[in-house]
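Working notes for the structure below.
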Amino acid sequence: MAKIELPKKYKSLEVEEKWGKVWKDSGVYHYDPSASRENTYVVDTPPPTVSGSLHVGHVFSYTQTDVVVRYQRMLGKNIFYPMGWDDNGLPTERRVQGLFGIKCLPTLPYDENFKPEIVPQKKGKRIVQKEISRQNFLETCEMQTGEDEKKYEQLWRHLGLSIDWNQQYETINKHSQTVSQNSFLDLNSKGFVYSIDSPTMWDTTFQTAVAQAEVEERERQSAYHDIVIASESGEEFVISTTRPELLPACVAIVAHPDDERYQKFFGSSAITPLFKSKVPILPAEHADPEKGTGILMVCTFGDVHDLDFWKKGNVPLKQIIGRDGKLMDIAFGEGVFVSEEPSAANQVMSQLKGLYVKQARRKICELLSEVGALKGDSKPTQQFVKYYEKGDEPLEYISTRQWFIKILENKEPLLAQGRKVVWHPSHMIKRFEQWVEGLNQDWCVSRQRFFGVPFPIWYPLNGEGEPDYENPIFAKKETLPVDPLADCPPGYTSQQRNQPGGFIGDPDVMDTWATSSCTPQISSHWGIDEKRHNSLFPADLRPQAHEIIRTWAFYTITKAWMHEEKIPWENIAISGWVVNPDREKMSKSKGNTVTPEDLITQYSADALRYWASKARLGTDTIYDENVFKVGQRLSTKIFNASKFVMMQLSDDSETTKDLSWDLSSIKEPVDLVWVSRMNQLLINAKKLFSEYDYAVALSQIETSFWEFCDLYVELVKTRAYKQKESAAGLSALATLEWTLQNFLQLFAPVLPYITEEVWSWHYAEKNGEASIHTSSWPTPIELAKIEISATNNEADLIGLTKEIMNAVRGEKSKAQKNLRWPVETISVCGEKPNLEKLKLVEEDLIQSCSLKNSIEYQEGQKAEDGHFSITVTLAETND
RNA sequence: GGGCGGUUAGCUCAGUUGGUUAGAGCACCUGCCUUACAAGCAGGGGGUCACAAGUUCGACUCUUGUACCGCCCACCA
C-alpha cells in the first residue's frame, strides 16, 4: 500500500469534532424502516428529565447502552435507537417558576404580550412570583425545555451516542399526548380505570394528588404531646400524640382490645378538650400497648391506620386540612362536627383556621396548655413520615376526586409479565417482584397540575350547573390529542362550556409516568401506524436505573399488558449509579459535580466512554478521574500502535517494491499461534457482548491489546521491517494488518472516535466500508496447519516466547541497561517438546533480544516457575 | 422488621463449573531517550481473599452463622 501521512500526536478534540460532523451528515446511524423485525434491534431509550443540565451519571448509563447498540449494529442489525425528552411534568414547572419568577393561575386570561424574563437569583431572597395564565405558563415551559433539549443533544452527539436523531420525541409534544390519551381511552374501554372521590395522598405545596410510587419516607424530628382527655364518666387518661392539631378531626379513641388499662372505657365515649366533641372509645388491633400511653386518637387522617379505620365505615370523615395545607374554617355543631359546646369550639377554631399544619400545632398546644389539658413538656422523637419525593412538606390524606388504574386486582398477571422479561443483572427482578407484591393502592394517575397531558374527558353539567362525574364524556380517538379546557366534547358547542346543561373540561393532567410508561408505544406509533408498531414493538432493550424499577419499568410492563397482553421489551438492563468516593450518589444538589462538557474537553469522549464501559450492569461506580486518564492513554496507545502497523504495511520507499499479501500469507508458527489467540478472543468477546457483559469483554480485549503491543509487536517488528519481501515478512505483515483490524473493531463500541479515525487511514478502503461502525463484527479465521502443537494451551508458543523475553528484559533491567543492549548468550534448559517449539521462533527472538549468537538448548530440569530454566549473559559493551 | 447486593493489594476493581504459588490498572520504588508511542518501555515491592464454623484430598469460590457497608421495601399515635 502507498505511504500515508500520519500526525505525530493524537489530538482527540479535533478528531472527535471531525467524526461528529461526518456521522451527522452521513446518516450512518439512521433506522431503516424497510428491514425485517428479526434483523432490527430496538431500544426503548430513557427520556431524561429536562431540568437544565445533564450530569456525569447520565454520561455513565447512556454510554453503556450505546456500547450495546454499537455492538448490535456491527452484528449487522438495523438499529432503532431513538431519543426522547421528558419535559412533561412537575420538574419543568418548578424550574420555569424559579427561573422566570412566574406562577400559573388558571383563571387569568391569556396575555399575548407576555415575555418571560430570567430573574436573577439572590441568596436568601424569596422571589415574588408573578401570576400568569395557564396558556402563557405552558408556552414558557415549552420554550425553556426546547432550549435545554438542544444543549442535551449537543452533549450526546459529542459523547458519540449513535442515536438516530430523526427519532426524537418530547413527552409533552402532540404525538406523545395522542399516544398517552389513546392509552387512557384504551384502558377505559378495557375496564382498567375508574374515578372516585376518596381520601388520597396529597401534597399541599404542589396541591396535587400523588401515587404510591412517588412517595418516599423521610426521618424527621418530631415530638410527642401528652393530651389529657376525659371520659364520659369524668375519668381522665392521657393520649400521647405527634399530631395534636388533628384534635378537631378526632373521630374516635382506641386502645388494644387486650389492654386492661382501657378495657373499662370500651363502649363509652370521651369528650375532647377545647372542642368538646363526643367521640366513641373503641378497641382496635393496631393500637400497640407498648407505644406511648397505649391509647390514641383516630383522626381524619393522621396516618394509614386512621384511613383503614375510616374505610371500615364506623366513623365519620372530619376533613379539617384543606388542599393548600391550611386548616379550614369548621363550624362545630353542624353535621359530623359534633360538640357539646359549639360556641366554645368555634371560638377555638377561629384561632386555628387559615394556619398551616405546623403553625396550628403550636397554636393548639398553647390553647390546650391554657385549659390545663396539656400534660408536661413535649418529648422529642425521630419519626418516619411520608413525603412526595419532590416535595418538602409531609403528605396529607385529603378527599378529592381522582382517576385510578386498577393495579391491585392484577398483581398476578403483572408479576408473570415481569418474569417474561430478561433482567440484566438477573437479581434486579427481585426489586420488581417485591414492589408489586407490596403494592396496596391502585395507581392514581390524575394530577392537579398544568404542564402535562390532559385527560381526554369532559363532564356534563346538570340544570344546577353541577358536574356529573359518573358519566364522563370521552374524546373520540380520531380527534386526539384534545385539550378539554379548549376543545369541545362531541355534540356540544363552545357556548355551553361551564353553563348549566352544558359541560366542563377535566382540569387535571396525567401523572408524568402515565405518559412515560408508553415510551415504547410512543416510538412505535401505536394506535397511529400499525405497520410501524408491529415492526418496533415489543422492543429489544430497555435500559434504566434501578431506583425507577417501581415506576418506569413497572408501569411500562403494566401498560403493555393492559393494552396488548404483551411484554414491552425482551430485555431490561439496569445500570448502576455513579457515586462519590464516600459512596454517596453523585447528584446535582450535592454541588460536587463537574459538567460532562468540561470532562470531555479535558479527557476526550472516548476516555469517558471507557470509564463508563468498565462498570458492569447494576454495579455502582466510583467517580474517578484516574480511570478517564487510563482511557485516554488507551486511545493514545491505539493511535501509536496503529501508526506503527501502517508504517510496516507501507511500501518501502527506497525499493518502491509493491508488496502483496493476504490471510493465506500467515505461515510463520508464531504468527499462526498469535492468530489462534485472537480467534479465541473473538469468540469470547462476542459471547460476552451478546450477554450484555461489555465490561468483561472490554477488559479481555484491553489485556490482549497490551500484550499485542508489548509482546507480539516487539517480537516481530524486525521481521516485518527488514524482511518485507520474504514469506516470513509477509506473514508478519498479514498478521499485523489482520490483528489491528480486529482490535479496532473490538474496541469500536467503546471507543468510537479513535477506532473510526484509524479505520479511515486504511481499512475503510480495504473493506469497502466507509465507517467502522457499520462494518461486520469480526469472526475467527481458519488457520493453516501447524507442524507441531504450537497452539497447545498448556504451553503455547507465545507463552514460551514470553518466558524468554521476560528473562532477557529482567536481566537488562537488573543491569540497568537499555533494552537494545546486546546479549552474548541465552541458554535454555527444559523439556524436549518445549525446546522444539521454541526453535520455531528463534529468529524473531534473536532480533527482539539483540542476541549475538544462537540460542543454546539443553534438555533437562526446568525452573519451578516456568517451562524453562534460562541463563542470560549480557555483552560487555554496546557495539 | 423483610428483601437484594457487596466486603479480595494503599485506591478502583477482575477472579469462569472448587484445583498448583490469588490477578489487573492506578499509586509507590528502581532503571531505560528504544527509529509506533516519555501521553512511552522494562523491572520490582505490596494481600491471613471481613470473621467463625462446616462440607471436601483440596475453599476467594459451596453451606450455615456473625459483623460491617450500600440500596430497595414496610412499620412506628
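This structure is a prediction, so every number in the text was calculated from the model and none was measured. Sequence lines set the chain letters: A, B, ... in the order given, protein chains first and strands last, and positions in each chain run from 1. Heavy atoms only: backbone and side chains are in, while hydrogens, waters and symmetry mates are out.
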Among all residues two or more places apart in sequence or in another chain, which pass the side chain to side chain contact (heavy atoms under 4.5 Å, CB included) test with A:Ser378? A:Ala223, A:His225
Residues passing the salt bridge (Lys or Arg N to Asp or Glu O under 4.0 Å) test with A:Glu214, sequence neighbours excluded, are A:Arg447
If we take the C1' atom in both B:U63 and B:C26, what is their distance in whole Å? 37 Å
Residues forming a side chain to side chain contact (heavy atoms under 4.5 Å, CB included) with A:Lys722, sequence neighbours excluded: A:Thr718
Does the pair A:Trp577 and A:Glu547 meet the rule for a side-chain hydrogen bond (donor to acceptor under 3.5 Å, both in side chains), with working shown? CA-CA 10 Å; A:Trp577 284 347; A:Glu547 78 273 20; 2.9 Å; yes
Assess whether salt bridge (charged side-chain N to carboxylate O under 4.0 Å, His left out) is satisfied between A:Glu216 and A:Lys386, documenting all intermediate values. CA-CA 6 Å; A:Glu216 63 183 29; A:Lys386 284 189 197 315; over 6 Å; no
Whole-Å gap separating P (B:G70) and NE2 (A:His427): 18 Å
Using the P atom on both, measure B:C51 against B:U34 and round to a whole Å. 48 Å
Please give, in whole Å, the distance from B:G31 C1' to A:Trp821 CH2? 14 Å
Return one dot-bracket line describing RNA chain B 5' to 3' (Watson-Crick or G-U wobble pairs, both distances under 3.5 Å; ( ) same strand, [ ] crossing, | another strand, . none). (((((((..((((.....[...)))).(((((.......))))).....(((((..]....))))))))))))....
Looking only at atom P, what distance separates B:C11 and B:C72, rounded to whole Å? 26 Å
When rounded to the nearest Å, what value does the distance between C1' atoms of B:A27 and B:G46 take? 11 Å
Under 3.5 Å, which donor-acceptor pairs link side chains of residues 425-436 of chain A to any protein atom two or more places apart or in another chain?
| from | atom 1 | to | atom 2 | distance (Å) |
| --- | --- | --- | --- | --- |
| A:Arg431 | NH1 | A:His546 | ND1 | 3.4 |
| A:Glu433 | OE2 | A:Arg419 | NE | 2.8 |
| A:Trp435 | NE1 | A:Arg550 | O | 3.3 |

Separation of B:C4 atom C1' from A:Glu437 atom CD, nearest Å, is 13 Å
Residues forming a salt bridge (Lys or Arg N to Asp or Glu O under 4.0 Å) with A:Glu236, sequence neighbours excluded: none
Whichever of A:Thr619 and A:Lys430 has its nearest RNA chain B nucleotide further upstream toward 5': A:Lys430
Using atom P of each nucleotide, how far apart are B:U48 and B:U64 to the nearest Å? 27 Å
Once base and sugar-phosphate atoms are separated, protein heavy atoms under 4.0 Å mark nucleotides 72-77 of chain B, 5' to 3', with B, S and - as BSSBBB
For B:G5 and B:C13, measure between their C1' atoms and round to the nearest Å. 16 Å
If the test is ring pair (Phe, Tyr, Trp, His ring centres under 6.0 Å), which one of A:Tyr694, A:Phe705, A:Phe639 qualifies with A:Phe747? A:Phe705
Could you tell me the separation between the CD atom of A:Glu707 and the P atom of B:G25, rounded to a whole number of Å? 12 Å
Would you mind telling me which of B:U34, B:C13, B:G70 lies closest to the side-chain atoms of A:Asp620? B:G70
Residue pairs meeting side chain to side chain donor-acceptor pair (under 3.5 Å), one or both in residues 297-307 of chain A, sequence neighbours left out, come to none
Those residues at least two apart in sequence (or on a different chain) that pass salt bridge (Lys or Arg N to Asp or Glu O under 4.0 Å) with A:Glu245 are A:Arg243, A:Arg361
Assuming nearest nucleotide by heavy-atom distance, tell me which of A:Arg820 and A:Ser699 is located more 5' along RNA chain B. A:Ser699
To the nearest Å, give me how far apart CE (A:Met805) and P (B:U34) are. 17 Å
Using atom C1' in both nucleotides, what's the gap between B:G54 and B:U61 to the nearest angstrom? 15 Å
So which pairs with a foot in residues 599-615 of chain A pass side chain to side chain donor-acceptor pair (under 3.5 Å), sequence neighbours left out? A:Asp66-A:Arg609, A:Tyr603-A:Glu625, A:Tyr610-A:Lys614, A:Tyr610-A:Glu702
Determine whether the aromatic ring centres of residues A:Phe237 and A:Phe265 are separated by less than 6.0 angstrom. yes
Quick one: A:Ile683 CD1 to B:U16 C1', roughly how many Å, whole number? 16 Å
For nucleotides 36-41 of chain B, 5' to 3', base contacts (B), sugar-phosphate-only contacts (S) and non-contacts (-) with protein non-hydrogen atoms under 4.0 Å give BB-BSS
If the condition is salt bridge (Lys or Arg N to Asp or Glu O under 4.0 Å), which residues does A:Lys717 pass it with, not counting sequence neighbours? A:Glu714
Pick the C1' atom in B:A67 and in B:A50, then give their distance to the nearest Å. 8 Å
At under 4.0 Å, does any side-chain N or O of A:Asn806 touch on OP1 or OP2 of B:G43? yes
Starting at CG of A:Leu711 and ending at C1' of B:A42, how long is that distance when rounded to a whole Å? 13 Å
Interatomic distance, A:Lys812 NZ vs B:G44 P [rounded to whole Å]: 16 Å
